[in-house]
Amino acid sequence: AQAIRSGHAIHIPNATAMPNAPRAVQDMVDKIGDFSVAWGPMQRKAHGAGAIVVLRQPPRPFSNKELKLLETFARQAVIAIENARLFNAEQARTAELGEALTYQTAVSDVLDVISRSPSEVQPVFDSINQVAAKLCEADRAVIHLLRGDKFELVAAIGVPEERRRALAILDKNLASNSVIGNAIIGRQTVHVERNDDEGAPLLAPPTMLSVPLVRNEIASGAITLARNHPKPFTERQIRLVETFADQAVIAIENARLYEEVQKRTRELSEALEYQTATAEVLSVISKSPESVDPVFDSIITMAEQLCHADYGFVYRLGENGRYELVAAPRAPEEYVAYRKDHPIEPGDDSIMGRA
């Protein structure tokens with residue numbers, strides 16, 4: 001201690017002749033007899049890092065040259081300690097940067113899948129599940145979506161087939177005491193590390209992490225990872241899965257908006273087709289004031305086209321009180337000929353007659 005505080009070597013030529021020797025020195029003399037000893041302090045930035053101690057028996061004083069050499073070795077030891085500290089710090093920093101880059105790349109990859117699949121969420125779920133399981137060193141990874149009162153399995157990795165069937169549809173009420181249920185119902189990340197004998201009703205591994213998919217304070221599902229050994233997930237891994245959960249929500253919302261736009265586009269397109277068809281029929285009417293036949297042909301042609309029908313017919317009540325076929329542009333000739341000769345009676349039980 002004195003050597004470290006002073007920063008200089010301390011030399012005791014003969015331990016038995018040392019006045020007021022420290023108790024530790026006296027105890028050593030009692031055990032091994034007289035000796036010579038020297039301490040070379042290891043100091044870093046005026047702080048003690050340790051000491052090198054050399055001892056001779058029988059006692060023979062150390063020379064000044066040897067003491068200087070001892071101090072040199074002590075300084076070299078400090079350099080070695082500092083080099084190791086800097087190396088380890090640099091290694092840790094490099095590993096941290098490498099991990100951060102790996103995670104950032106994974107997040108970018110998932111975003112790329114989202115951008116390439118605006119109308120589909122399954123490729124996004126599969127990508128998230130695979131990347132999360134790999135980077136978080138999970139033995140199992142599953143994604144559930146809440147549909148009504150059921151949890152529906154939409155992606156799974158590392159889950160045996162029999163367990164996959166058991167997890168395919170989960171009742172919300174029965175799952176409320178599970179990690180998955182707690183994450184979705186509580187709308188918060190649930191991280192559990194337990195002993196093997198504590199068990200759980202669903203996956204029951206020692207370590208589990210479940211992150212809910214939340215949008216506008218409403219949970220629509222969860223990403224759940226599991227390890228078969230009791231090793232907790234790191235904070236960085238938890239944040240990564242939470243980022244994946246946000247991305248899954250984006251994918252779900254993108255698909256919903258895409259479908260809404262597609263549906264609205266289809267509705268507008270259909271409305272435009274119908275409006276165009278009506279206008280065309282009106283045009284035929286205006287051009288054929290003396291005859292209804294062109295109007296009937298135009299109406300049934302448009303009806304066949306817009307209703308995706310194979311055939312279309314127009315019947316008209318004739319002067320004889322029976323319904324006569326007056327337009328059937330695509331119907332088989334045999335049928336047209338038959339109906340020309342056999343008009344429909346008003347009391348006929350055919351579909352036309354009942355209509």
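Values below: every heavy atom of this structure, side chains too, minus hydrogens, waters and symmetry copies. Please read all numbers here as calculations on a predicted model, not as lab measurements.
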- Message: If the threshold is 4.0 Å, N to carboxylate O, is there a salt bridge linking Arg316 and Glu324?
- Response: no

- CA sep, side-chain torsions, deciding dist, call: Gln247, Val124, side chain to side chain contact (heavy atoms under 4.5 Å, CB included): CA-CA 9 Å; Gln247 291 179 325; Val124 179; 5.7 Å; no

- Task: Show your reasoning for whether side chain to side chain contact (heavy atoms under 4.5 Å, CB included) applies to Val54 and Val37.
- Result: CA-CA 6 Å; Val54 290; Val37 64; over 6 Å; no

- Message: Quick check: is Tyr311 connected to Leu325 through a chain of hydrophobic side chains (ILVMFWY, heavy atoms under 4.5 Å apart)?
- Response: yes

- Message: Using the rule that Ile, Leu, Val, Met, Phe, Trp and Tyr join whenever any side-chain heavy atoms are under 4.5 Å apart, tell me whether Ile157 and Val154 fall into a single cluster.
- Response: no

- So with a 6.0 Å cut-off around CG of Asn83, is the heavy-atom count from everything else above 12? yes

- If Ile, Leu, Val, Met, Phe, Trp and Tyr residues are connected whenever their side-chain heavy atoms lie under 4.5 Å apart, and connections chain through other members, are Ile252 and Val214 in the same group? no

- Nearest-0.5 Å distance that lies between atom CG in Asn129 and atom CD1 in Ile223: 7.5 Å

- State whether the number of non-hydrogen atoms from other residues, nucleotides or ligands found under 6.0 Å of Glu319 atom CD is greater than 12. no

- Message: Atom CD1 of residue position Ile351 - does it have more than 12 heavy atoms of other residues, nucleotides or ligands inside 6.0 Å?
- Response: no

- Message: Under a 4.0 Å threshold between the charged nitrogen and the carboxylate oxygen, would Asp27 count as salt-bridged to Arg23?
- Response: yes

- Polar side-chain atom of Asn216 near backbone of Ile218 as donor-acceptor pair, under 3.5 Å: no

- Message: Any non-hydrogen side-chain atom of Asn228 less than 4.5 Å from a side-chain atom of Arg140?
- Response: yes

- Can you name the closest pair of heavy atoms from Ala183 and Pro212 and give their distance? O-CB, 3.3 Å

- Task: Please check if the side chain of Arg239 supplies one atom and the backbone of Thr234 the other of a donor-acceptor pair under 3.5 Å.
- Result: no

- Item | Within-4.5 Å side-chain heavy-atom neighbours: Ile143 and Leu153 | no

- Message: Quick check: closest heavy atoms across Ala328 and Val336, and the distance to 0.1 Å?
- Response: CB-CG2, 4.1 Å

- Message: Please find the pair of heavy atoms, one from Ile184 and one from Ala222, that lie closest to each other, and give the distance.
- Response: CG1-CB, 3.6 Å

- Query: Side chains of Glu242 and Thr189: is there a donor and an acceptor less than 3.5 Å apart?
  - Reply: yes

- Any donor and acceptor pair, going by atom type alone, linking the side chain of Glu66 with main-chain N or O of Ser63 inside 3.5 Å? yes

- Query: Below 4.0 angstrom, N of the basic side chain to O of the carboxylate: do Arg93 and Glu90 qualify?
  - Reply: no

- Query: Among all residues two or more places apart in sequence or in another chain, which pass the side-chain hydrogen bond (donor to acceptor under 3.5 Å, both in side chains) test with Ser210?
  - Reply: Thr224

- Straight-line distance of Leu282 CG to Glu280 CD, nearest 0.5 Å: 10.5 Å

- Would you check if there is a donor-acceptor pair between the side chains of Asp126 and Gln122 at a distance under 3.5 Å? yes

- Interatomic distance, OG@Ser291 vs CD1@Ile285, rounded to 0.5 Å, equals 11.5 Å

- Message: Quick check against the 3.5 Å criterion: does Arg60 have a side-chain atom that pairs as donor or acceptor with the backbone of Ser36?
- Response: no

- Query: Between the main-chain N or O of His8 and the side-chain N or O of Glu71, is there a donor-acceptor pair closer than 3.5 Å?
  - Reply: no

- Under the 3.5 angstrom rule, does the side chain of Glu193 hit a backbone N or O of Pro206 as a donor-acceptor pair? no

- Message: Quick check: do Cys136 and Phe233 have side-chain heavy atoms less than 4.5 Å from each other?
- Response: yes

- With side chains defined as the heavy atoms from C-beta onward, is the minimum distance between Met42 and Arg75 less than 4.5 Å? no

- Message: Is any side-chain heavy atom of Tyr338 closer than 4.5 Å to one of Glu334?
- Response: no

- Query: Charged N to carboxylate O under 4.0 angstrom, Arg264 versus Glu267?
  - Reply: yes

- Query: Under a 4.5 Å cut-off applied to non-hydrogen side-chain atoms, are Ile79 and Glu82 in contact?
  - Reply: no

- Message: Using modelled atom types and a 3.5 Å cut-off, is there a donor and acceptor pairing between side-chain atoms of Ser288 and backbone atoms of Val284?
- Response: yes

- Query: Is it the case that one hydrophobic cluster holds both Met28 and Phe62, taking links as side-chain heavy atoms less than 4.5 Å apart, direct or via other members?
  - Reply: no

- CZ-NE2 distance between Arg322 and His342, expressed to the nearest 0.5 angstrom: 9.5 Å

- Item | Shared hydrophobic cluster for Val121 and Val241 (ILVMFWY, side-chain gaps under 4.5 Å) | yes

- Message: Under a 3.5 Å distance rule, please check whether Ser127 uses its side chain to pair with a backbone N or O of Pro123 as donor and acceptor.
- Response: no

- Task: Walk me through it: do Val78 and Gln43 pass the test side chain to side chain contact (heavy atoms under 4.5 Å, CB included)?
- Result: CA-CA 7 Å; Val78 170; Gln43 285 195 317; 5.5 Å; no

- Task: Please name the pair of heavy atoms, one in Pro61 and one in Arg56, separated by the smallest distance, quoted to 0.1 Å.
- Result: O-NH1, 2.9 Å

- Message: Within a 6.0 Å radius of atom OH on Tyr323, are there more than 12 heavy atoms belonging to other residues, nucleotides or ligands?
- Response: no

- Message: Main chain of His229, side chain of Thr207: is a donor-acceptor contact present, judged purely on distance under 3.5 Å?
- Response: yes

- Just by modelled atom types, is the Gly312 backbone N or O under 3.5 Å from a matching donor or acceptor in the Arg330 side chain? no

- In short, Arg227 meets Glu137 closest at the heavy-atom pair NE-O, 3.2 Å

- So does Phe73 have more than 12 non-hydrogen atoms from other groups sitting under 6.0 Å from CZ? no

- Query: Atom CD of Gln2 and atom CD1 of Ile10: how far apart are they, to the nearest 0.5 Å?
  - Reply: 5.0 Å

- Query: Residues in salt bridge (Lys or Arg N to Asp or Glu O under 4.0 Å) with Glu273, at least two apart?
  - Reply: none

- List the steps, then state whether salt bridge (Lys or Arg N to Asp or Glu O under 4.0 Å) holds for Arg256 with Glu260. CA-CA 6 Å; Arg256 185 187 68 81; Glu260 283 189 359; 2.5 Å; yes

- Query: At what distance, to the nearest 0.5 angstrom, does NE2 of His191 lie from CE of Met208?
  - Reply: 10.5 Å

- Can you list the steps and then say if Trp39 with Ile52 is a side chain to side chain contact (heavy atoms under 4.5 Å, CB included)? CA-CA 6 Å; Trp39 290 267; Ile52 299 176; over 6 Å; no

- Does the side chain of Asp34 reach to within under 4.5 Å of the side chain of Gln57, using non-hydrogen atoms? no

- Message: Can you confirm whether Glu161 is buried at CD, in the sense that more than 12 heavy atoms of other residues, nucleotides or ligands lie under 6.0 Å from that atom?
- Response: yes

- Identify whether NZ of Lys or CZ of Arg in Arg339 sits under 6.0 Å from the centre of the six-membered ring of Phe313 and within 45° of that ring's axis. no

- Task: Check whether any side-chain heavy atom of Leu209 sits under 4.5 Å from a side-chain heavy atom of Val190, and report yes or no.
- Result: no

- Query: For the residue pair Val211 and Ala245, what are the closest heavy atoms and their distance?
  - Reply: CG1-CB, 3.7 Å

